Enquirer: 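Here's a structure for you.
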There are 2 protein chains.
Amino acid sequence: MISEENKLVLADFKVGVDNVIFSVDTQQNRLLVLLIKRTDHPFVNQWGLPGTLVRKGESLEKAAHRILAEKIRVDNLYLEQLYTFGGPNRDPRESPDSYGVRYLSVSYFALVRFEDTQLISDNLHKTSWYMIERIPQLAFDHNEIFSYGYQRLRSKLEYSPIAFNVLPELFTLNDLYQFYMTILGENFADYSNFRSRLLKLGFLLDTGVKVSRGAGRPASLYRFDAEAFAPLKDKPFVFV
Amino acid sequence: MISEENKLVLADFKVGVDNVIFSVDTQQNRLLVLLIKRTDHPFVNQWGLPGTLVRKGESLEKAAHRILAEKIRVDNLYLEQLYTFGGPNRDPRESPDSYGVRYLSVSYFALVRFEDTQLISDNLHKTSWYMIERIPQLAFDHNEIFSYGYQRLRSKLEYSPIAFNVLPELFTLNDLYQFYMTILGENFADYSNFRSRLLKLGFLLDTGVKVSRGAGRPASLYRFDAEAFAPLKDKPFVFV
DNA sequence: CCAAAAGTGTTAGATGTACACCCATGG
DNA sequence: CCATGGGTGTACATCTAACACTTTTGG
C-alpha cells in the first residue's frame with residue numbers, strides 16, 4: 001500500500017498517444033507524414049501530429065490505432081512504439097491551475113500504404129499529408145517526436161521487412177527500389193546491386209507474371225514470402 | 001479545452017519507472033541484473049526490477065536515476081529509455097476499488113560498472129545481483145521487461161560504444177574482449193579478428209603502458225578516444 | 001529502328017573467417 | 001625452458017561498388 005505521505009508527492013498523469021504516420025507516394029516518389037490542424041487548446045490552429053488521450057480500459061496500442069482510424073481509412077500498415085516523452089512542462093496545460101496534472105506522450109510510429117488510404121478531413125478538422133522537407137513548426141514537442149520517428153523509419157527499413165507491409169501484394173523490383181529510394185535518398189545503392197542482393201536472400205518469389213509500364217521491357221511481379229523470411233528474422237541483414 | 005464529456009472517459013495514470021540494470025562481473029565473466037525483493041503490496045516478497053513511481057515535477061529520466069541512486073552507489077553508467085508498458089490490468093492495483101487509476105511503466109535500461117558499485121541493501125530491502133540465467137519469476141510483467149532489456153543490451157553493444165562507459169579508463173584489449181564475450185556469448189568472434197577490427201576503427205589509443213596479469217606477455221593498456229569516435233557516431237559499425 | 005525500362009555479368013577492392021604462428025613474461 | 005597469455009600474419013571466401021552490357025518491349 002502506498003502511504004498517505006508518498007501519495008502526496010506522486011504526480012498524476014494523463015497519457016497521450018501521438019503518432020508519426022508515414023506514407024510513400026509512389027507516383028511522385030515523395031515521403032509524406034500526416035499532420036492535423038489543431039482545433040483544441042493549446043496550440044489552436046497550429047499543425048501537430050495526430051494524437052489522443054488514452055481512455056479508461058484502453059491500451060496504448062489501441063489508442064494509437066484509434067487515432068489512425070479517426071484520421072484515415074487504411075487497411076495495410078505497420079505500427080510500433082517509438083518513445084515516451086514525459087518531462088514536466090512539456091504541455092502548457094500543466095500550468096498550476098490544472099491541479100498539477102502531468103501530460104505524458106507515448107509516441108508511435110506508423111507506415112501506411114498511400115494509395116488506398118483516404119483522409120478523413122473536413123473544414124473543422126483538417127488532415128493533410130506533408131512532404132517531410134516542408135514540415136512547419138509543430139505544436140508541443142512534436143517536431144522532436146517527428147525527428148525521432150524519421151530516424152526510426154530509416155533504420156528500421158534497413159534491417160526489417162516493413163516495406164512489404166505497405167507495398168501491394170505483387171510488386172516489381174523497381175517498385176521496391178523506388179520505395180527505398182524515396183525514404184533513404186537518391187544514393188543509397190545501385191539498382192542492379194540492390195536487385196541481386198535481395199534476390200539472393202531468397203524471400204522474394206518471382207510469380208512469373210509480367211507487367212508492362214509504358215515503353216521498355218516488362219517487369220516480373222514478385223511476392224514477399226513471409227515463411228522464407230522467418231529464419232532471417234532478427235538476423236542483421238541489410239539492403240543498403 | 002477538454003469537454004466534460006470526454007473527461008469522464010479519460011484514464012488517470014500513475015507512472016512508474018522500472019529499470020533493467022545490468023553489470024558485468026569481469027572477475028567471473030558473468031552478466032548480472034539487479035533485482036530487489038519487494039516489501040510493498042502487491043507481490044510482497046517476490047523479486048522484481050527496481051522501480052518507483054514518478055513524483056511531481058520529476059522527469060522520467062530523473063526518476064530512473066533516483067531508483068539507481070537508492071539501490072546502488074555508482075559513478076559510471078549508461079542509461080537509456082527502453083519501452084513503455086501500459087496496457088490496462090498489468091498492475092493488480094488497478095482493481096475497481098482503486099477508482100480506476102491505471103499504472104503505466106516506462107522502463108529504462110542501464111549498464112553500470114560492477115567493480116565500484118556498492119549495493120544499498122538491508123534486511124528489509126534486499127537488493128541483489130542475479131545471473132541472467134537464474135532469474136526467478138518476477139513481479140508484474142517484469143520478466144517481459146527484462147527480456148526486452150536483454151535484447152536491447154545485446155544489440156546496442158554491437159553498434160554502440162556503451163562498453164566504454166563501464167570499463168575502467170584504461171583497459172587491455174582482452175578486458176574488452178571478455179566483456180563482449182560475457183554479454184554476447186562464447187562464439188561471437190575470434191579474438192584476433194576482434195582485435196584487428198577494433199584497432200582499425202581507430203578510436204582505441206594505445207597508451208604504451210604495459211600491465212602483467214600473472215604469466216604471459218604483458219598487455220598494452222588502451223583508452224577510448226571519444227573524439228576519434230565522434231565521426232563514426234550513428235554510422236553502422238559492428239564488432240561481431 | 002531506337003529509346004526506354006528490365007535484367008545480367010564482370011571486375012577491383014575491401015572485409016570477414018579461420019587459422020597458424022611469433023613474442024614476452026612468470027614460475 | 002615451457003606453459004601462458006598477448007599479439008601478428010596469412011590465405012581464402014565473400015561481399016561491396018561501380019559500371020558495362022544484353023534483353024524485351026512501345027512507338
Side-chain angles (χ1 to χ4, degrees), chain A residues 26-29 157-159 167-168 170-182 184-223 231-232 235-240, chain B residues 26-29 157-159 167-168 170-182 184-223 231-232 235-240:
Chain A
T26 47
Q27 306 298 300
Q28 313 222 44
N29 286 346
L157 204 63
E158 287 181 4
Y159 61 86
L167 284 172
L170 299 176
F171 50 87
T172 70
L173 287 180
N174 212 49
D175 290 341
L176 186 60
Y177 181 63
Q178 294 302 331
F179 188 91
Y180 270 82
M181 283 271 277
T182 306
L184 298 176
E186 290 297 319
N187 48 1
F188 88 100
D190 178 282
Y191 173 61
S192 87
N193 293 330
F194 177 80
R195 248 189 96 78
S196 35
R197 204 175 317 119
L198 270 169
L199 290 178
K200 201 176 342 173
L201 289 170
F203 53 73
L204 294 183
L205 297 182
D206 189 342
T207 62
V209 184
K210 305 283 178 185
V211 64
S212 228
R213 322 259 236 235
R217 177 172 173 175
S220 261
L221 286 174
Y222 285 80
R223 151 183 290 123
L232 300 177
K235 303 278 173 281
F237 77 106
V238 189
F239 306 122
V240 183
Chain B
T26 46
Q27 306 299 299
Q28 313 221 45
N29 287 345
L157 204 65
E158 287 181 2
Y159 61 86
L167 283 173
L170 300 175
F171 51 87
T172 70
L173 287 181
N174 213 47
D175 290 342
L176 185 59
Y177 182 64
Q178 294 302 331
F179 189 90
Y180 271 82
M181 283 271 276
T182 306
L184 297 176
E186 289 299 318
N187 48 359
F188 89 99
D190 179 281
Y191 173 61
S192 87
N193 293 330
F194 176 81
R195 250 188 95 79
S196 37
R197 203 174 318 119
L198 271 169
L199 290 177
K200 201 177 342 173
L201 289 169
F203 53 73
L204 295 184
L205 296 182
D206 188 341
T207 63
V209 183
K210 305 284 178 186
V211 63
S212 230
R213 321 260 235 239
R217 180 173 172 176
S220 261
L221 286 174
Y222 285 80
R223 151 182 291 123
L232 300 178
K235 302 277 173 280
F237 76 106
V238 189
F239 306 124
V240 184

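From a predicted model like this one, the values you see are computed outputs, not experimental measurements. Numbers restart at 1 for each chain; the letters A, B, ... are given by sequence-line order, proteins then strands.
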Enquirer: Provide, to the nearest angstrom, the distance between the CZ atom belonging to A:Phe188 and the P atom belonging to D:dA18.
Expert: 13 Å
Enquirer: Flag the pair A:Phe171 / A:Tyr177 as yes when their ring centroid distance falls below 6.0 Å, and as no otherwise.
Expert: no
Enquirer: A:Asp206 has an atom CG; how far is it from atom C1' of C:dT8, in whole Å?
Expert: 14 Å
Enquirer: Test side-chain contact (heavy atoms from CB on, under 4.5 Å) on B:Leu199 and B:Leu173; report intermediate values, then the result.
Expert: CA-CA 9 Å; B:Leu199 290 177; B:Leu173 287 181; 4.0 Å; yes
Enquirer: For D:dG6, does OP1 or OP2 lie under 4.0 Å from any side-chain N or O of B:Arg195?
Expert: no
Enquirer: Identify whether any heavy atom of B:Ser192 sits under 4.0 Å from a base atom; if not, whether one sits that close to sugar-phosphate; answer base, sugar-phosphate or nothing.
Expert: base
Enquirer: It should be established whether A:Arg217 places a side-chain nitrogen or oxygen under 4.0 Å from OP1 or OP2 of nucleotide D:dT23.
Expert: no
Enquirer: If I take atom CG in residue B:Leu198 and atom P in nucleotide D:dT8, what distance separates them, rounded to the nearest angstrom?
Expert: 13 Å
Enquirer: Want to settle it: does A:Gly216 or A:Asp190 sit nearer the 5' end of DNA chain C, counting the closest nucleotide to each?
Expert: A:Gly216
Enquirer: Rounded to whole Å, how long is the line connecting atom CZ of B:Arg197 with atom P of D:dG7?
Expert: 17 Å
Enquirer: Taking atom types as they are modelled, would you say the side chain of A:Asn193 forms a donor-acceptor pair with the base of D:dA17 within the 3.5 Å cutoff?
Expert: yes
Enquirer: Looking across every strand, which nucleic acid part, if any, lies under 4.0 Å from B:Arg213 by heavy atom: base, sugar-phosphate, or nothing?
Expert: nothing
Enquirer: Before we go on, tell me: are the rings of B:Tyr180 and B:Tyr191 under 6.0 Å apart, centre to centre?
Expert: no
Enquirer: Rounded to the Å, how far apart are B:Leu201 CG and C:dT15 C1'?
Expert: 12 Å
Enquirer: When you compare the side chain of A:Asp175 with that of A:Thr26, does any pair of heavy atoms fall below 4.5 Å?
Expert: no
Enquirer: Does A:Lys200 or A:Pro218 map to a spot on DNA chain D nearer the 5' end, using the closest nucleotide for each?
Expert: A:Lys200
Enquirer: Between C:dA4, C:dC19, C:dG16, which nucleotide has the shortest distance from any of its atoms to the side chain of A:Ala215?
Expert: C:dA4
Enquirer: Side chains of A:Asn174 and A:Thr172 only: does a donor on one sit below 3.5 Å from an acceptor on the other?
Expert: no
Enquirer: Closest approach to the side chain of B:Ala219, judged atom by atom: which nucleotide of C:dA6, D:dG7, C:dT17 is it?
Expert: D:dG7
Enquirer: If you compare every side-chain N and O of B:Tyr191 against the phosphate oxygens of D:dG6 (OP1, OP2), does one of them come in below 4.0 Å?
Expert: no
Enquirer: Take atom CG of B:Asn174 and atom C1' of D:dT8, then tell me their distance rounded to the nearest Å.
Expert: 15 Å
Enquirer: Taking the side chain of A:Leu173 as its heavy atoms from C-beta onward, which of D:dC15, D:dA18, C:dG7 lies nearest to it?
Expert: C:dG7
Enquirer: What is the distance, to the nearest angstrom, from the CZ atom on B:Phe194 to the C1' atom on D:dG6?
Expert: 14 Å
Enquirer: Report the distance from atom CD of A:Gln178 to atom C1' of C:dA6, rounded to the nearest whole Å.
Expert: 13 Å
